Each structure stands twice: as C-alpha cells, then as structure tokens.
Student: 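Can you keep this structure in mind? I'll have questions shortly.
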Amino acid sequence: MQFCSMKASDKMECYRTHYSTEVTTAQHGCEITVAGWVQDIREMGSIAFLILRDRMGTLQVTMLKKKLDPELFKKLCGLNRESVIAVRGTCKPSDKARNGYEVIPEEVEILSEAGTPLPMGVVDKVGVDLDTRLDNRFIDLRKEEVQAIFKIRNRVIEAAHGYLRGNGFIEMHSPNIIGASSEGGTDLFAVQYFEKQAFLSQSPQLYKQTMMATGFDRVYEIAKYFRAEQHNTRRHLNESTAIDLEMAFVRSEEDVMGTLERLIRHIWDHVADNCTDELSLLGVSITVPSLPMRRVTYDEAVERLAKSGVDIKWGDDIGTEAEKLLGDLMQKEGCEFYFITKYPLEAKPFYAMPENGMADDRYARAFDLELNGVEITSGAQRIHDVKLLEERITAKGLKPSDFEGYLKAFRYGMPPHGGFGLGIERIVMNMLGIQNIRECTLFPRDRMRISP
RNA sequence: GCCCCGGUAGUGUAGCGGCCUAUCAUGCCAGCCUGUCGAGCUGGCGACCCGGAUUCAAAUUCCGGCCGGGGCGCCA
C-alpha cells in the first residue's frame with residue numbers, strides 16, 4: 001500500500017486516501033485520510049466517538065481525551081452534525097468499532113460547517129413526511145436506503161443500455177420542445193417559443209417512428225415524458241422517464257414483445273447480480289422472470305374479471321381497480337409479469353396497427369406489460385401504411401394535416417415496425433415495492449411541486 | 001376535471017370549546033460519564049398556517065384564503 005509508506009506530513013496531501021469500507025487489515029497501523037459527513041458524535045467524558053459517513057458507508061473516529069491534543073479534541077467534538085470534514089490519522093484495528101478498525105485522529109480539516117438545526121435529520125429516530133423529505137432532498141439523499149433506490153435505478157438504466165446496444169439498437173435523442181401536433185391522449189404543457197407557441201413532448205413516439213424511415217432499424221431513447229394531467233396519485237408524475245424503443249422489419253407485435261421480455265429479464269438479472277447490498281438494505285428480494293412471460297388477451301382479461309364480479313364494457317380500458325384485481329389473480333398463478341394483448345383498436349392511439357390491417361378492425365396489435373397489477377409498458381406494432389395511418393388519425397377525430405411532418409416520413413419508404421415505452425420510475429417502484437413513485441425520481445414533478 | 005382528507009416546536013406527534021402557562025418523542029444548548037454504535041442520566045430551549053366570524057371563553061366550531069396528502073379518470 002503506497003499510503004503506508006507515506007510519511008506523516010504537516011499538511012494533508014489529499015482529502016481521502018480510502019473510503020470507509022475500503023480499509024482492510026493491510027492499512028492497520030498505517031496512516032490514512034478519510035473524508036465525509038459527520039453523522040454523529042458521542043462524547044462520553046474522557047472518550048468520544050465520531051461517526052463519519054462517505055458514499056461507501058460509515059467509519060468511526062475515536063478520540064481519547066488524555067492522548068489527544070486538547071485543541072483537536074475540542075474541535076472535533078464541537079462540530080455540528082452533517083459538517084464535512086477530512087481526518088488524517090492512524091488506522092487502528094478494533095473489534096469494538098464498525099468495519100473492524102477505528103481512526104485515531106492526528107489532524108482534521110473542516111471543509112464545510114453544517115448549520116443547525118438541520119431541516120431534517122439523517123439518522124434521527126423520528127419519522128419524516130415524504131413532503132418534508134422532498135423539500136430537503138439533498139439531505140434525504142444522504143440516507144443509505146434512499147441512496148440504494150438510486151443506485152438500483154442506475155443499474156436498471158445501465159442494464160438497458162447494455163442490452164440494447166448489444167442487440168443493435170442505437171441511442172437517439174428526440175426534441176423535448178415540439179410544435180402543435182401531438183399524438184393525443186394527454187394534455188401538454190405549453191411553452192412560449194419566441195413568437196410561437198410550443199409544447200413539451202409527451203413522448204418521443206412520432207420521432208422514433210420517423211427514425212424507422214432512415215435505415216437505422218433499431219433505436220432507443222432514455223426519454224422524458226411531460227404530461228399536463230392533473231393526476232394526484234402515488235403512481236403518476238408530470239415529468240417521468242422511460243426506456244423508449246422502436247424496431248423495424250417486425251412481422252408482428254410478438255417480435256416487439258420478445259425484445260421487451262428479454263430486456264426485462266436482463267434488467268432483473270443485472271440488478272440481482274449487482275445490487276445485493278442495496279436490495280438487502282431495502283429488504284427486497286427479486287425474482288428474475290422466466291420466459292416467455294404469460295400472454296393474456298384483452299378478451300380473456302375481461303372474461304376473468306367478469307367471473308370475479310368486475311364488469312368491463314367491451315372496448316373500455318381496464319380501470320385501476322380491475323387492473324389490480326387482475327394482478328392478484330395472475331399472482332395466484334405465479335405470474336408477476338404478464339402481457340395484456342389484442343386490445344380493442346379504439347382503446348389505443350392512432351398509430352397502433354389494426355389486427356388485420358383494416359381501419360375498422362376490432363382489435364389492435366397492441367399490448368401492455370403488467371407487473372403486479374401496474375402497467376409498466378405500453379407497446380404495439382405500428383401502422384406503416386400512410387393511407388391507413390391517415391384513416392386512423394381521422395377516426396380518432398384528429399386532422400391528418402396537423403401531422404404532415406410525421407406523415408411525410410411514411411410516404412417514401414417506411415418498413416413495418418413496432419416499439420414500446422417502458423417507464424423507469426414504474427420499474428423501480430414495482431421492483432422494490434415502493435409505495436410512492438415520487439421516491440423513485442430525484443426531484444419529482446407532480447401536480448403541486450416544481451421545486452426543488 | 002370530479003371526490004375525500006389534512007395543516008400544533010427544526011422533525012414526527014398528543015390534544016378536538018374552559019383542566020393548554022399545549023403532551024410525548026426526536027433535535028438543539030449546558031452539565032456528568034473511558035468503549036459508544038437507537039448510548040445513558042440531569043437541567044434548559046423551541047410550536048397551535050393566514051384572515052375573518054360565533055362565543056363569557058377557540059389549537060379545538062363556522063366561512064374564506066394559502067399550502068399539502070390521497071382516490072378516480074387518464075397514463076409510464
């Protein structure tokens with residue numbers, strides 16, 4: 001260890017030689033420098049303990065009053081909790097301390113003093129409302145269980161990038177500021193764009209489809225969805241994130257569903273392999289789904305629900321309560337994940353491919369992927385015939401002329417294609433059993449909140 | 001858009017017409033303690049969202065405002 005051979009110097013040469021959990025028996029007896037946030041100080045008269053937290057965990061700095069410079073003892077014990085410090089000292093093995101060692105300080109540098117009282121505690125033994133936590137998210141995120149959610153979220157996204165790039169998809173970025181034409185189905189946020197009115201995009205749908213006319217064949221985007229719906233629920237955000245993809249030369253929606261289920265399996269696999277600490281911290285065990293995932297047609301779902309006493313008018317979407325009930329029914333059969341396929345055409349957006357390619361078909365080649373009764377993905381084979389697309393736009397009460405920029409991409413060679421959008425917050429929420437989706441995004445945007 | 005519910009110290013709560021000079025915990029401040037790790041003990045600090053109204057009396061009832069939570073619809 002090069003740090004072992006380092007001479008003690010008057011000045012701290014660096015703020016950190018080791019993270020809390022990186023210290024091994026090799027460092028015992030050597031000088032190390034550690035840095036982080038002061039989580040707690042327990043002063044007991046002649047001995048005091050300072051718990052220092054860094055991104056890997058916590059460690060203990062032990063101060064014996066008799067053996068320590070009085071100035072240094074006072075300086076360390078007088079710190080406010082959550083101040084940021086660097087401590088240079090000797091690493092001493094100890095079976096009484098966490099991680100099997102403690103740091104006997106020789107020098108401390110106060111890098112930032114925390115004010116008091118804290119707007120909320122990091123390790124206090126009292127509850128904190130989600131709202132208070134979100135108002136003070138920078139402190140909330142100091143909690144290891146909160147960090148665990150985002151470490152797992154990071155792995156989810158990492159897995160998606162890895163799987164998709166490994167399977168010929170290229171990452172794209174579509175504009176978030178769009179002109180008037182939109183896919184419909186939701187309210188958009190209006191923004192002033194110089195002298196014009198513009199909107200925040202509800203999804204990259206029309207752009208990723210446009211990309212199918214280019215020859216890239218397979219694209220994906222970690223996309224932002226902006227939706228101006230006045231919903232106020234535990235599973236909706238006004239700004240959300242999705243893994244959105246589109247693939248060309250598909251024979252049917254089955255090709256898309258196959259990609260989706262393999263992607264999901266890879267994500268679950270990757271999280272299971274790389275997040276054991278985080279999962280156990282959150283008390284969650286996850287099961288990598290086996291393939292193929294169960295397919296249930298819309299008609300079957302409606303029939304099953306009818307048998308359980310919930311009547312859905314054919315053609316209507318399956319409501320939240322019914323969706324939950326179906327989730328319970330499927331779970332009894334051992335299916336956490338299941339597709340609902342063959343939706344009524346009328347229940348799906350204009351770009352969904354009718355089952356037999358006719359504008360007045362009864363069903364669409366569209367599917368949702370459900371996880372424990374919550375929709376995490378919506379997808380379909382898309383219409384690639386411009387005539388049919390225009391008919392469907394009209395049938396939805398929209399004007400084809402408003403979609404001219406989009407339709408143009410279909411007139412000069414557009415292959416059959418399909419795709420889906422997979423909500424990242426919804427994945428994390430349902431994977432980890434989190435009750436409120438706001439916990440799954442750093443700075444959530446909901447009906448009331450635009451800050452921080 | 002529709003329908004419920006709530007706002008009491010920094011944080012989380014109890015109180016729901018007079019017993020409130022407002023409970024408890026946590027936090028903060030001071031003191032004691034040589035092995036703490038949800039440390040312990042002693043003392044102290046700190047709050048009824050705002051504006052009207054009712055009443056002898058309002059944290060408590062009513063009206064309005066502001067802020068927030070949840071459900072539905074819609075969706076990821």
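What's counted below: heavy atoms across the whole structure, side chains too, no hydrogens, waters or symmetry copies. Quick note on labels: first sequence line is chain A, next is B, and so on, each numbered from 1. Here the structure is a predicted model, which means the values were calculated and not measured.
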Student: For B/C49 and B/A14, measure between their P atoms and round to the nearest Å.
Tutor: 14 Å
Student: For the aromatic rings, using the six-membered ring if either is Trp, is the centroid distance between A/F339 and A/F367 under 6.0 Å?
Tutor: yes
Student: For A/R234, answer base if it contacts any base atom (sugar-phosphate contacts may also be present), sugar-phosphate if it contacts only those atoms, and nothing otherwise; contact means non-hydrogen atoms under 4.0 Å.
Tutor: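 Here A/R234 touches the backbone only, sparing every base.
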Student: Heavy-atom count around A/W268 CH2 within 6.0 Å, excluding the residue itself: above 12?
Tutor: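 Yes, because the 6.0 Å sphere around CH2 of A/W268 holds more than 12 heavy atoms from other groups.
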Student: What nucleic acid atoms does A/D187 come within less than 4.0 Å of, heavy atoms only: base, sugar-phosphate, or nothing?
Tutor: nothing
Student: Which part of the nucleic acid does A/R235 contact within heavy-atom distance under 4.0 Å: base, sugar-phosphate only, or nothing?
Tutor: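 The answer is base, as A/R235 lies within the cut-off (heavy atoms under 4.0 Å) of a base atom.
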Student: On RNA chain B, reading 5' to 3', which nucleotide is the first and which the last to sit with an atom under 4.0 Å from a heavy atom of chain A, could you check?
Tutor: B/G1 to B/A76
Student: What interatomic distance, in whole Å, is found between P of B/A59 and the corresponding atom of B/G18?
Tutor: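 It works out to 10 Å between them.
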Student: So what does A/L237 touch, heavy atoms closer than 4.0 Å: a base, only the sugar-phosphate, or nothing?
Tutor: base
Student: Does A/W314 have A/R362 sitting over its ring (NZ/CZ under 6.0 Å from centre, angle to axis within 45°)?
Tutor: yes
Student: By the 4.0 Å heavy-atom rule, please label A/S378 as base, sugar-phosphate, or nothing.
Tutor: sugar-phosphate
Student: If the P atom of B/A57 is compared with that of B/U21, how far apart are they to the nearest Å?
Tutor: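 The same atom, P, in both gives a distance of 15 Å.
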Student: With side chains defined as the heavy atoms from C-beta onward, is the minimum distance between A/E171 and A/H161 less than 4.5 Å?
Tutor: yes
Student: Give A/E321 one of three labels, base, sugar-phosphate or nothing, depending on what nucleic acid heavy atoms sit under 4.0 Å from its own.
Tutor: sugar-phosphate
Student: Need one value for A/A97: base, sugar-phosphate or nothing, where a base atom within 4.0 Å counts as base even if backbone is also close, heavy atoms only.
Tutor: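 If one applies the 4.0 Å heavy-atom cut-off, A/A97 turns out to touch a base.
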Student: Could you give the distance separating B/G7 and B/C63 at their P atoms, to the nearest angstrom?
Tutor: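 Taking atom P in both B/C63 and B/G7, they lie 15 Å apart.
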Student: Atom CD of A/E102 and atom CD of A/Q60: how far apart are they, to the nearest 0.5 Å?
Tutor: 5.5 Å
Student: Which comes earlier along RNA chain B counting from the 5' end, the contact point of A/K66 or that of A/T233, where each point is its nearest nucleotide?
Tutor: A/K66
Student: Answer with base, sugar-phosphate or nothing: what part of the nucleic acid does A/Q205 contact at a heavy-atom distance below 4.0 Å?
Tutor: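 Answer is nothing: A/Q205 stays at 4.0 Å or more from every strand.
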Student: Under a cut-off of 3.5 Å for both distances of each Watson-Crick or G-U pair, what dot-bracket string does RNA chain B give, using [ ] for crossing pairs and | for inter-strand pairs?
Tutor: (((((((..(((.....[.....)))((((((.......))))))...(((((..]....))))))))))))....
Student: For the C1' atoms, the ones on B/C24 and on B/G31, what distance do you get once it is rounded to whole angstrom?
Tutor: 24 Å
Student: Could you tell me whether A/D317 contacts a base, only the sugar-phosphate backbone, or nothing, with contacts defined as non-hydrogen atoms closer than 4.0 Å?
Tutor: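 Sugar-phosphate: the residue A/D317, judged by heavy atoms under 4.0 Å, touches backbone atoms but no base.
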Student: With rounding to the closest Å, how many angstrom separate the C1' atoms on B/A47 and B/C4?
Tutor: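 Per the computed distance, 28 Å lies between those C1' atoms.
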Student: Is the shortest heavy-atom distance from the side chain of A/E221 to the side chain of A/S174 under 4.5 Å?
Tutor: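 Of all side-chain heavy-atom pairs linking A/S174 with A/E221, at least one is under 4.5 Å.
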Student: Mind checking A/I427 for me? I need base, sugar-phosphate or nothing, with any heavy atom below 4.0 Å counting as a touch.
Tutor: nothing
Student: Measure the shortest side-chain to side-chain distance between A/M56 and A/D54 over non-hydrogen atoms and say whether it is less than 4.5 angstrom.
Tutor: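 Side-chain contact under 4.5 Å: yes.
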Student: What is the nucleic acid contact for A/Q202, judged by heavy atoms within less than 4.0 Å: base, sugar-phosphate only, or nothing?
Tutor: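 Answer is nothing: A/Q202 stays at 4.0 Å or more from every strand.
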Student: Check whether any side-chain heavy atom of A/K151 lies under 4.5 Å from a side-chain heavy atom of A/N274, and answer yes or no.
Tutor: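 The answer is no; the side chains never approach within 4.5 Å.
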Student: How is A/R438 classified with respect to the nucleic acid when contacts are heavy atoms under 4.0 Å: base, sugar-phosphate, or nothing?
Tutor: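 Touches sugar-phosphate only.
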Student: How far, in whole Å, is B/C5 from B/G44 if one measures between their C1' atoms?
Tutor: 38 Å
Student: Please work out if A/T377 contacts a base, only the sugar-phosphate, or nothing of the nucleic acid, heavy-atom cut-off 4.0 Å.
Tutor: sugar-phosphate
Student: Under 30°, 30 to 60°, or over 60°: which ring-plane class applies to A/Y163 and A/H266, parallel, tilted or perpendicular?
Tutor: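 Ring orientation of A/Y163 relative to A/H266: tilted.
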Student: So which one's nearest nucleotide on RNA chain B is more toward 5', A/M448 or A/M120?
Tutor: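 Upstream on the strand: A/M120.
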Student: Side chains of A/Y343 and A/R365: do they bring a donor and an acceptor to under 3.5 Å?
Tutor: no
Student: I'd like to know if A/R137 pairs up with A/D135 as an ion pair, taking the criterion as any Lys NZ or Arg NE/NH1/NH2 lying under 4.0 Å from an Asp or Glu carboxylate oxygen.
Tutor: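 Salt bridge: no.
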Student: Report which part of the nucleic acid A/D131 touches: base, sugar-phosphate, or nothing (heavy-atom distance under 4.0 Å, all strands).
Tutor: sugar-phosphate
